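In what follows, a single structure is set out as structure tokens and then discussed.
Counting convention: from 1, in listed order, for ligands and their atoms alike. Model, not experiment: these values are computed from the prediction.
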Amino acid sequence: MSSTLNVPEIFGSDVFNESVMKQRLRPEIFTSWKQCIETSTPLELSTANEIAEAMKDWAIEKGATHYTHWFQPMTGITAEKHDSFIAPAEGGNVIMEFSGKSLVRGEPDASSFPSGGLRATFEARGYTAWDPTAFAFVKDGSLYIPTCFFSFTGAALDMKTPLLRSIDEVSREALRILHLFGDTETKRVVTCVGAEQEYFLLPKDMYAKREDLRLTGRTLFGALPPKGQELDDHYFGTIRTRVSNFMRDLDEQLWRLGILSKTKHNETAPCQHEIAPIFTDANSACDANQLIMLVMKKCAAKHNLVCLLHEKPFAGVNGSGKHNNWSLATDTGRNIFSPGKTPRQNAQFLVFLAAFIKGIDEYQDFLRCTVASAGNDHRLGSHEAPPAIISIFLGDELNAVVDSIINGTNYTDPEKSVMRIGVDVLPAIPKDTTDRNRTSPLAFTGNKFEFRMLGSSQSIAGPNIALNTIMAEELGKFADELEQAEDFDAALQKLVCRTFTQHQRIIFNGNGYSSDWTEEAANRGLSNYPSTAKCLPTYIDQKNIDLVTRHGIYTEDEFRARHEIHLDAYRKIINIEAKTCIDMVLHQVLPAALHYSRDLCNSIKTKKELGIACEAEMQIAQKLSKSSDALYLCCERLQRDLVHIPEGKENIVNYYHDVIVTDMEALRAQADILEALTDKSYWPYPTYSDLLFY
Ligand code: ADP
Ligand code: MG
């Protein structure tokens with residue numbers, strides 16, 4: 001790490017980006033590539049050959065010896081298989097080779113990636129195809145080529161393909177609305193995403209001593225330390241040197257990879273931090289977030305730290321999430337969710353706002369499913385982070401505008417005229433400057449929506465696919481209606497008023513953590529799925545299948561495959577956690593407590609012989625024995641229940657949630673009592689105090 005860093009110079013220096021392409025490709029090849037991404041048409045092989053050659057030469061200059069098709073299978077993380085550029089040449093030598101064919105298409109063995117039944121075992125092949133809209137880059141001695149991943153039959157086996165489909169779809173439908181407002185300039189509507197990422201950093205040596213952290217990414221045990229996050233002394237606090245060295249190194253690596261890393265700070269919980277890049281188009285943002293997660297892990301190791309991306313590494317302090325900031329912009333750079341200055345722009349803004357509100361209300365279950373995971377179950381609906389109920393926060397001012405439209409009343413006091421949309425009496429919509437409601441799962445923050453329910457470890461693709469598709473659906477329906485209208489302004493007025501009225505229930509500006517809201521939300525008929533097990537069945541509701549197939553985002557098979565994969569992932573994660581619990585109890589927790597108790601008893605025996613008081617030892621030994629017995633019984637129950645798994649995917653998931661998770665909680669409670677009773681020198685792994693306040 002150099003002490004002075006020329007950021008503009010290093011930024012993107014490891015990326016084969018547009019300016020590098022312009023420099024290194026013949027003009028006609030560069031133009032062909034540009035055309036290919038602008039019109040979504042395939043590249044000629046001869047063009048691909050020249051691009052591949054230039055890419056290879058550039059990558060070798062950057063120290064690369066290998067290339068890899070980098071893809072995003074349905075595990076939610078990324079996968080890579082590296083091939084070197086070498087090809088045999090005369091005289092026992094090699095040359096460095098990379099063809100257009102190898103750039104455009106790859107064939108990794110796909111048999112070990114989840115396919116949810118999309119790929120028969122006899123056809124294990126999967127294919128990767130270059131995504132020419134995302135730039136290749138060099139990392140750790142390899143040229144990384146962002147790719148889509150699909151099966152022999154063409155079914156999407158990844159997260160990127162449906163994301164790209166949804167980006168196109170929302171653009172197509174949004175353009176119809178823009179045209180109705182007389183915008184003929186915009187050729188494409190761009191989904192913009194900025195994902196804030198939370199994470200924990202722990203010293204590597206302490207992490208290594210905890211089997212639960214190593215195997216499951218979270219602590220399955222741990223008595224709460226005397227101090228937690230109650231003093232709020234970590235949030236935005238001074239960053240300790242070791243961590244700031246890590247962050248500096250991380251920024252440098254991310255900048256080299258062309259990622260607009262912007263903000264870093266300490267988060268609420270001890271050892272918790274956040275990183276946020278500047279928003280970009282959704283496809284790049286998704287790649288960037290995956291890269292951020294990868295680089296964070298590697299970079300932490302370099303600094304003798306471990307980066308935890310789990311949603312809930314520690315009980316008793318906040319877990320980690322992602323805030324997915326989402327908006328739509330024209331290709332000319334105008335944010336569609338910025339309230340405009342003219343009545344016409346305001347009317348257009350209100351149409352997009354209405355579409356969003358309607359879409360979220362109608363497809364709240366679908367959206368909820370995209371953030372459901374075993375890890376996120378610890379956050380959503382657990383008195384922290386956002387609640388499990390989806391609602392939209394608009395802020396006081398915008399809410400007043402919506403109310404006035406519903407009630408047909410004035411928004412601005414001075415003018416006593418009734419507010420109409422699309423006509424000149426419409427007031428300028430003020431940008432909300434009030435404090436943001438942190439308890440809302442989905443907040444309008446001035447010119448974008450901030451979706452806050454994402455888990456810290458998950459791919460942001462799923463939620464953005466849902467947001468884009470829902471939006472495409474509603475914009476399409478609005479366009480159908482408005483294109484038929486004889487009187488555009490009147491139809492617009494009617495549409496917006498009707499939509500706000502019918503879907504007002506999804507708007508909530510109050511405290512999302514309060515129990516009153518849970519009750520109120522139920523009265524409003526909003527869904528409340530507090531767990532993955534309860535919400536995942538709704539994923540494949542007919543209306544969701546209709547939605548995603550109508551817009552060509554997924555085929556029904558692709559969609560059902562994802563449902564299976566989510567169910568499967570949940571079961572597997574809880575199963576690993578349960579087995580780790582048992583292992584730690586039998587081999588670490590119980591032995592520690594029993595050793596301590598044995599030594600206490602020996603001491604009691606000796607003291608009694610000598611006639612010395614030993615009340616403390618007696619008391620502790622008693623309690624230890626009681627809790628050890630209880631712990632052993634809990635462990636036996638968990639072991640027994642793990643054998644009696646029912647049949648049927650959904651039953652299994654329910655069983656894991658209702659029975660196994662409950663058993664694990666009971667087990668933990670006893671283990672934590674023992675930890676609090678036992679002499680620290682006997683305890684087999686670092687405690688919460690050691691981990692969080694090192
Ligand atoms: P916060 O107060 O939540 O930290 P910021 O304004 O700092 O909010 O923005 C957080 C994230 O939102 C950043 O990644 C930022 O680039 C992104 N963002 C800002 N404007 C937009 C937009 N129009 N669309 C999508 N993301 C945006
Ligand atoms: Mg935020």
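Ring geometry, His378 versus His310: the interplanar angle falls from 30° to 60°, so the pair is classed tilted. The aromatic rings of Phe349 and Phe337 stand perpendicular to each other, their planes meeting at an angle above 60°, with 30° marking the opposite boundary.
Looking only at distances, no side-chain donor or acceptor of Gln272 sits under 3.5 Å from a matching main-chain atom of Glu267. The backbone N or O of Tyr539 lies less than 3.5 Å from a partner atom in the side chain of Asn544, making a donor-acceptor pair. A donor-acceptor contact shorter than 3.5 Å is absent between the side chain of Glu169 and the backbone of Ser166.
Neither the backbone nor the side chain of Thr263 comes within 4.0 Å of ligand 1, counting heavy atoms alone.
In this structure, His323 does not count as a contact residue of ligand 1, since none of its heavy atoms falls inside 4.0 Å of the ligand. Ligand 1 lies out of reach of Lys262, whose nearest heavy atom is not under 4.0 Å from it.
In this structure, Phe393 has its ring center at least 6.0 angstrom away from the ring center of Phe444.
Close approach of ligand 1 to Pro277 (heavy-atom distance below 4.0 Å) involves ligand atoms 13 (C), 14 (O), 16 (O). Short contacts between ligand 1 and Glu450, defined as distances under 4.0 Å to a heavy atom of the residue, involve ligand atoms 3 (O). Every atom of ligand 1 is numbered from 1 in the order shown, and the set under 4.0 Å from a heavy atom of Asn335 is 23 (N). Here is the list of ligand 1 atoms found below 4.0 Å of a heavy atom in Ile278: 16 (O). The distance from ligand 1 to the heavy atoms of Gly194 drops below 4.0 Å at these ligand atoms: 14 (O), 26 (N).
Between atom 22 (C) of ligand 1 and the options Ala276, Ser327, Cys192, Ala329, the minimum heavy-atom separation is to Ser327.
Ion pairing between a basic and an acidic side chain is recognised when a charged N comes within 4.0 Å of a carboxylate O; Arg379 and Glu311 show no such pairing.
Ligand 1 has no N or O atom lying under 3.5 Å from any N or O atom of Ala195, backbone or side chain.
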